[in-house]
Amino acid sequence: MVLGTIICIIFYFQILVNDAKLMQSNFLNKSNITTRNHTAPGAVIVEIQNIFDNQISHRNNKLLTQFSGQYREISSISATNYSTHEYMLEEILFLITTHARRILTTIHFLKFWATRPGINCLIVFHEKDFMNYTNITDFLLQQGVLCEIQTSPVERYEQRYFELFYDGWKKQESDSHQNERRRIQWFAVGDDDTIWFVNNLLHVLRQYNSSDAIYLGNTSTKKFILKRHGAFFGYGGAGILLSRSLALSYVQHRQQCDRFYASFGGDEMIGKCVVEELGVNLTREHHFHQMDHYGNMLGMLESGVNGLVTLHHMSSHWKPYPILNMNNTEEAVRRLNTAYSIFDKSFLKRYFYVNHDTNQSVLLTMGHSVSVVNRILTTEDLSMVERTWCCDEMIDRSFRPEETNKTTWYFQQLINETCIDGIRYEMIYERTVGSNDQYSSIKVAFSLSRSPD
Ligand SMILES: *[C@@H]1O[C@H](CO)[C@@H](O)[C@H](O)[C@H]1NC(C)=O
Ligand SMILES: *[C@@H]1O[C@H](CO)[C@@H](O)[C@H](O)[C@H]1NC(C)=O
Ligand SMILES: *[C@@H]1O[C@H](CO)[C@@H](O)[C@H](O)[C@H]1NC(C)=O
Ligand SMILES: *[C@@H]1O[C@H](CO)[C@@H](O)[C@H](O)[C@H]1NC(C)=O
Ligand SMILES: *[C@@H]1O[C@H](CO)[C@@H](O)[C@H](O)[C@H]1NC(C)=O
Ligand SMILES: *[C@@H]1O[C@H](CO)[C@@H](O)[C@H](O)[C@H]1NC(C)=O
Ligand SMILES: *[C@@H]1O[C@H](CO)[C@@H](O)[C@H](O)[C@H]1NC(C)=O
Ligand SMILES: *[C@@H]1O[C@H](CO)[C@@H](O)[C@H](O)[C@H]1NC(C)=O
Ligand SMILES: *[C@@H]1O[C@H](CO)[C@@H](O)[C@H](O)[C@H]1NC(C)=O
Ligand SMILES: *[C@@H]1O[C@H](CO)[C@@H](O)[C@H](O)[C@H]1NC(C)=O
Ligand SMILES: *[C@@H]1O[C@H](CO)[C@@H](O)[C@H](O)[C@H]1NC(C)=O
Ligand SMILES: CC(=O)N[C@H]1CO[C@H](CO)[C@@H](O)[C@@H]1O
C-alpha cells in the first residue's frame with residue numbers, strides 16, 4: 001500500500017475529472033473542467049464533509065462546499081537538486097547515547113525510526129548504568145528497536161556523545177568484512193529524543209557525495225540559545241551527519257580533539273573538532289529541526305516544511321497534536337508515524353483554497369492539519385510562519401502574527417485510499433476530543449489524478 005502511494009504521488013499531478021459528485025458542486029462543473037485543458041499542475045480536488053456524531057459513514061454527513069474545491073499546491077520552503085548519488089538506508093549508521101532510565105521515556109521517539117527493517121543503529125550506554133539495567137536489551141527488543149547495544153567506560157554523557165563517531169567507525173570496521181559493498185557512507189548522530197524521517201534523509205543526501213568532507217546539520221532557530229552556545233556547529237537534537245570521508249578524518253584526529261572535552265555539550269565538542277581542527281564548516285540544511293521553541297508549533301508545521309529530516313523536543317517543548325489533551329506522547333508519535341508512512345514525501349505538503357464568496361482561506365497540510373482562516377491569505381502570508389508559539393522569534397524565517405479567527409482540525413486517521421486513475425485519500429481530521437460541537441470532525445477526500453491525455 002505504501003509503495004503504491006509513493007508511485008502515485010510521484011507520477012500523477014493533475015486534476016481529477018472522474019468524480020461525479022464534484023461536478024455538481026457549485027464552483028466546478030464539467031464545462032469548467034474540460035475547458036481547463038488539464039493544464040493545472042499541482043492542482044488537486046479536495047472535498048470536505050462534516051461528520052456528525054463522529055460516525056464516519058453517517059448518512060447525514062454534510063458536504064461543506066465552502067471548503068471544498070480545487071486546491072493549489074504550495075511549494076516547500078526549500079527546494080533541492082538531488083543529483084549526485086542515491087544512497088541506501090544500509091549505508092547510513094545512526095548513533096545515539098543515553099541513560100538506561102531515560103530510554104523508558106524516550107522509547108516512542110526511538111520507535112519512530114529505529115524499528116525500520118534494514119536500519120543500522122547503535123546505542124551506547126555507560127557500562128555501570130547498563131549493569132544496573134541489563135533488562136534494557138530485552139525491553140528494546142520487545143519494542144521492536146533493532147539497534148545494536150554497546151557499553152562505554154566513559155561516564156560523562158557529553159563525552160560519550162562526542163565519541164559516538166569513533167564508536168560508529170569501529171563498529172562498521174568490524175562489520176564491513178561481511179559486505180564490502182554496503183559499507184557505511186554516512187554517520188548520523190542525534191539525541192535520544194530526535195525523530196528521524198529516514199526517507200526524507202535519503203532524499204536530502206542525494207545532493208551530496210560522501211567522498212567529500214561533509215558536516216551536515218543546522219543550528220537552533222532560537223536567538224537566546226544561539227547567543228549562549230554559538231552558531232558554528234550542528235545542534236545534536238537536529239541531527240548531525242558526517243560523510244565517510246570526514247568521519248575517517250575525525251577518527252584520525254582523536255588525540256588532537258581531546259582538548260575540546262571541556263566544552264558544554266557533545267554536539268559543541270563535535271563542532272569544535274570538525275571546524276577548528278579539521279577545517280570543515282557546517283553545511284546547513286533547512287530540513288534539520290532542533291525545535292527549541294515552546295508552545296504551539298502549528299504555525300511552523302503549516303509553513304511548508306515538507307521534506308523535513310528531523311524533529312526534536314516533542315512533548316517536552318511542544319506537542320504535534322494539541323487536541324490530544326493528555327500528555328500522550330505515545331499516541332502523538334503513533335499518529336505522526338501513520339501520517340508519514342502514508343504520505344511519505346508529501347507529509348506536511350500544503351494545499352491551498354480560497355473561497356472569495358465567504359472570504360475564507362483553507363490550508364490543508366497533508367497528514368497534519370486543516371485550517372480555515374476567515375480572511376484571504378496572500379502568497380506572501382503563505383511564505384511566512386504564523387507565530388503560534390510563545391515568546392521568541394524564529395531567526396531564520398520571517399513570520400506573521402497569529403491569526404485571530406482560525407479553526408484547525410488535526411489528522412486523526414486515514415479511512416480509505418484508492419489508487420486506480422490517480423490517488424484518492426479519505427482522511428479524518430478532528431478538532432477536539434469528545435466534543436459534540438459543530439464541525440468537530442471532518443472527513444477530507446483528497447484526489448490527485450493523472451490527466452487523461
Ligand atoms: C457550468 O457553469 C456554466 C457557467 O457558470 C453554466 O453555463 C453551465 O450550465 C454549467 N454546467 C453544468 C453542467 O452545470
Ligand atoms: C488546450 O490544448 C491545446 C493543445 O494542447 C491548445 O491548442 C488549446 O489552446 C488549449 N486550450 C486551452 C483552453 O488552453
Ligand atoms: C543546484 O544547482 C544549481 C545549478 O547547477 C546550483 O547553482 C545550486 O547551487 C544548486 N543548489 C544546491 C542546493 O545544491
Ligand atoms: C547502580 O545501582 C547502584 C545500587 O542501586 C547505585 O548505587 C549506583 O549508583 C547505580 N549506578 C549507576 C551508574 O546508575
Ligand atoms: C529493569 O529492571 C529494573 C530494576 O533492576 C526495573 O526498575 C525496571 O523497571 C526494569 N525495566 C524494564 C523495562 O523492565
Ligand atoms: C564523488 O567523489 C569522488 C571523489 O572525488 C569521485 O570519484 C566520484 O565520482 C564522486 N561521485 C559522484 C557520484 O559524483
Ligand atoms: C568557514 O567559515 C569561516 C567563516 O565563518 C570562513 O572564514 C572560512 O573560510 C570557512 N572555511 C571553509 C573551509 O570554508
Ligand atoms: C538552516 O539551514 C538553512 C540553509 O539550508 C538556512 O537558511 C537556515 O537559516 C538554517 N537555520 C538556522 C537556524 O541556522
Ligand atoms: C502535562 O505535562 C505538563 C508539563 O510537561 C504538566 O505541566 C501537565 O500537568 C501535564 N498534564 C497532565 C494532564 O498530565
Ligand atoms: C470569525 O469569522 C466568522 C466568519 O467570517 C465570523 O462569523 C465570526 O464572527 C468571526 N469571529 C471573530 C471572533 O471575529
Ligand atoms: C474506498 O474508495 C473507493 C473509491 O472511492 C470505493 O469504491 C470503496 O468502496 C471505498 N472503500 C471503502 C472501504 O470505503
Ligand atoms: C464555462 C466556464 O468557464 N464556466 C465557469 C467556470 O467557473 C467560473 C468561476 O468559477 C465561472 O465564472 C465560469 O462561468
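Read the numbers this way: they start at 1 and go in the same order the structure lists the ligands and their atoms.
Around ligand 11 you find Asn416, Thr418, Arg424, each with a heavy-atom distance below 4.0 Å.
Qualifying side-chain hydrogen bond (donor to acceptor under 3.5 Å, both in side chains) partners for Ser211, counting only residues two or more places apart in sequence or in other chains: Asn209. Residues satisfying the salt bridge (charged side-chain N to carboxylate O under 4.0 Å, His left out) criterion with Glu302, sequence neighbours excluded, are Lys406. With sequence neighbours left out, the side-chain hydrogen bond (donor to acceptor under 3.5 Å, both in side chains) criterion links Arg387 to no other residue.
Interface of Thr219 with ligand 8, defined as ligand atoms under 4.0 Å from a residue heavy atom, comprises 12 (C), 13 (C), 14 (O). Those atoms of ligand 4 with a heavy atom of Asp129 less than 4.0 angstrom away are 13 (C).
Not less than 6.0 angstrom separates the ring centroid of Phe187 from the ring centroid of Tyr166.
Between Lys128 and Glu155 there is no salt bridge, since no side-chain N of the basic residue sits under 4.0 Å from a carboxylate O of the acidic one.
Considering both main-chain and side-chain atoms, Thr221 never comes within under 3.5 Å of ligand 8 through any nitrogen or oxygen pair.
Ring pair Phe112/Phe197 is perpendicular by interplanar angle, where above 60° counts as perpendicular and below 30° as parallel. Between Phe233 and Tyr235, the ring planes lie parallel to each other; the angle is under 30°, not in the 30° to 60° tilted range.
When Phe411, Tyr351, Tyr353 are each tested for a ring-ring contact (aromatic ring centres under 6.0 Å, His included) with Phe446, only one passes: Tyr351.
Contact annotation: for Ser220 versus ligand 8, heavy atoms closer than 4.0 Å belong to the backbone alone.
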